[in-house]
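Right, one structure below, let's go through it.
Note that this is a predicted model, so its numbers are computed, not measured.
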Amino acid sequence: MITLYGFNEAFGLVDASPFVLKVDVYLRMAGLEFERKSAISNLQHAPKGKLPYIVDGDKTIADSAFILDYLNARTDVTMSSALSPEQRAQAYLIAKSLDENLYWCLLYSRWVCEETWPQTKAAFFGSLPFPLNHGAAWWVRKNVRSTIYKQGMGRHSKDEVKQIFVYTMDSLSILLGTKPYFMTDKPSFLDACAFAFLAEFVLATIDNEFNTIAKRYENLTSYCQQIHARYYV
């Protein structure tokens, strides 16, 4: 039995992290049995100090990209077997764009934008006792904002970040078109990655400008809804 270690349910999703959600939906799409262990305290035992990680027998694999590589190599997993070498290359580059670009837009929308911060604070720190909930929230937010600034996204104005976000959403909408999935008529590892990030905007119960923009893309919204209905309802 595979055990997936993540954060907690939040914003109407099984996990607030797109990286944890990516592994969760991949396991479901691949039809692999697994159990979830969700708690922010999992960070204390995470091999790389980040979530997710999985334990499969005597193997522990950390980082969502390496986890998907490990799962994809199993003989009983055929998620990406129909992809051509060219499609695999395209899928890899698109997935990395989500990891390295769209992810920072997501962090910005939750940890920098003032209108979203109360919801983020409640989701991540609401279960902590007073005054720890306020102190921990202030400290973590300060560090996350510093990380976003050092990465570069935090150096932009809000309108500029929204422009970067719209460019990515436009591109994903064009790539998906009217297809049920991004590459073939069946889900591949790219769909696990795409759903994980898009759902954090489209399906998450957060009210901010970024999520409002995301929900205007009818094909991306329908894409998330049908995957959610198939694997989570």
Reported SG-to-CD distance for the pair C113 and E209, which is rounded to 0.5 angstrom
7.0 Å
Check against side chain to side chain contact (heavy atoms under 4.5 Å, CB included), Q225 and L203:
CA-CA 8 Å; Q225 289 171 339; L203 301 183; 4.1 Å; yes
Atom pair CH2/CG of W104 and D99 - distance to nearest 0.5 Å
11.5 Å
E114 CD: over 12 foreign heavy atoms closer than 6.0 Å:
yes
Does any part of the side chain of H156, heavy atoms only, come nearer than 4.5 Å to the side chain of Q163, both counted from C-beta?
no
Take Y70 and D63 through the test side-chain hydrogen bond (donor to acceptor under 3.5 Å, both in side chains) and record every step on the way to the result.
CA-CA 11 Å; Y70 170 79; D63 189 284; over 6 Å; no
Verdict with reasoning, T147 to L107, per side chain to side chain contact (heavy atoms under 4.5 Å, CB included)
CA-CA 10 Å; T147 300; L107 275 191; 5.9 Å; no
For Y108 together with F165, are the ring centres under 6.0 Å from each other?
no
Set out, in order, the CA-CA distance, both residues' side-chain angles and the distance that settles side chain to side chain contact (heavy atoms under 4.5 Å, CB included) for N219 and K179, then state yes or no.
CA-CA 9 Å; N219 63 335; K179 302 189 299 294; over 6 Å; no
Quick one: are I227 and Y181 in side-chain contact, heavy atoms under 4.5 Å?
yes
Compare all side-chain heavy atoms of M153 with those of V161 and state whether any distance is below 4.5 angstrom.
yes
Is there a donor-acceptor contact under 3.5 Å from the side chain of S173 to the main chain of M169?
no
More than 12 heavy atoms of other residues, nucleotides or ligands under 6.0 Å from NZ of K150: is that the case?
no
Taking the six-membered ring of W117, is the NZ or CZ of R141 close enough (under 6.0 Å from the centre) and on axis enough (within 45°)?
yes
Looking only at non-hydrogen atoms, find the nearest pair between R88 and S80 and report the distance.
NH2-O, 2.9 Å
State, to 0.1 Å, how close L13 and A204 come at their nearest heavy-atom pair, and which atoms those are.
CD1-CB, 4.1 Å
Test item: V112 and V144 side chains (from C-beta on) under 4.5 Å apart, heavy atoms:
no
Measure the CG-OG distance between N208 and S109 for me, rounded to the nearest 0.5 Å.
5.0 Å
Y217-Y223 aromatic ring centre distance below 6.0 Å:
no
Working to the nearest 0.5 angstrom, can you tell me the gap between K59 NZ and D56 CG?
7.0 Å
In terms of heavy-atom contacts, does CD of E35 have more than 12 from other residues, nucleotides or ligands at under 6.0 Å?
yes
Test of understanding: clusters of I, L, V, M, F, W, Y form through side-chain heavy atoms closer than 4.5 Å, transitively. Do F66 and Y92 belong to the same one?
no
Look at the side chain of Q119 and the backbone N and O of T205, then say whether any donor-acceptor pair between them is shorter than 3.5 Å.
yes
Less than 4.5 Å apart, side chain to side chain, heavy atoms only: is that true for K121 and H134?
yes
K215-T221 side chain donor-acceptor pair, cut-off 3.5 Å:
no
Tell me, do L102 and S97 make a side-chain contact under 4.5 Å, heavy atoms counted?
no
Contact summary for N211 and E200, nearest pair of heavy atoms
ND2-O, 3.7 Å
K162 atom NZ, over 12 foreign heavy atoms within 6.0 Å:
yes
Determine whether a donor-acceptor pair (N or O, by modelled atom type, separation under 3.5 Å) exists between the side chain of N8 and the backbone of D15.
no
Taking the side chain as everything from C-beta on, heavy atoms only, tell me whether L198 gets closer than 4.5 Å to P18.
no
Under a single-linkage definition using a 4.5 Å side-chain heavy-atom cutoff for Ile, Leu, Val, Met, Phe, Trp and Tyr, are Y167 and L175 assigned to the same hydrophobic cluster?
no
Centres of the F19 and Y103 rings: under 6.0 Å?
yes
Specify the closest pair of heavy atoms between R110 and T116, including all atoms of both residues, with the distance to one decimal.
CA-CG2, 4.0 Å
dist L43:CG -> K50:NZ (nearest 0.5 Å) comes out at 10.5 Å
What pair of heavy atoms forms the shortest contact from C105 to I164, and how long is it?
SG-CG2, 4.0 Å
Once rounded to the nearest 0.5 Å, what's the spacing between atom OG of S81 and atom NZ of K186?
8.0 Å
Other residues, nucleotides, ligands: >12 heavy atoms within 6.0 Å of K142 NZ:
no
Using side chain to side chain contact (heavy atoms under 4.5 Å, CB included), reason through T60 and Y53 one step at a time and then give a plain yes or no.
CA-CA 7 Å; T60 299; Y53 69 94; 3.8 Å; yes
Heavy atoms of other groups near Y149 OH, more than 12 under 6.0 Å:
no
For D207, is the CG atom crowded, meaning more than 12 foreign heavy atoms sit under 6.0 Å from it?
no
Looking at Y231, I'd like to know if its OH atom is crowded, meaning that more than 12 non-hydrogen atoms belonging to other residues, nucleotides or ligands lie closer than 6.0 Å.
yes
When the ring planes of W111 and F124 are compared, do they come out parallel, tilted or perpendicular, using 30° and 60° as the limits?
tilted
For the residue pair I67 and P52, establish whether any side-chain heavy-atom pair is separated by less than 4.5 Å.
yes
Which atom pair, heavy atoms only, marks the closest approach of C193 to L68?
SG-CD2, 4.0 Å
Is the side chain of D191 donor-acceptor paired with the backbone N or O of S188 at a distance under 3.5 Å, no angle test?
yes
Residue of the set V23, L27, L4 for which side-chain contact (heavy atoms from CB on, under 4.5 Å) holds with R36
L4
Is it possible for you to say whether M1 and V77 belong to one hydrophobic cluster, with membership spreading through side-chain heavy-atom contacts below 4.5 Å?
no
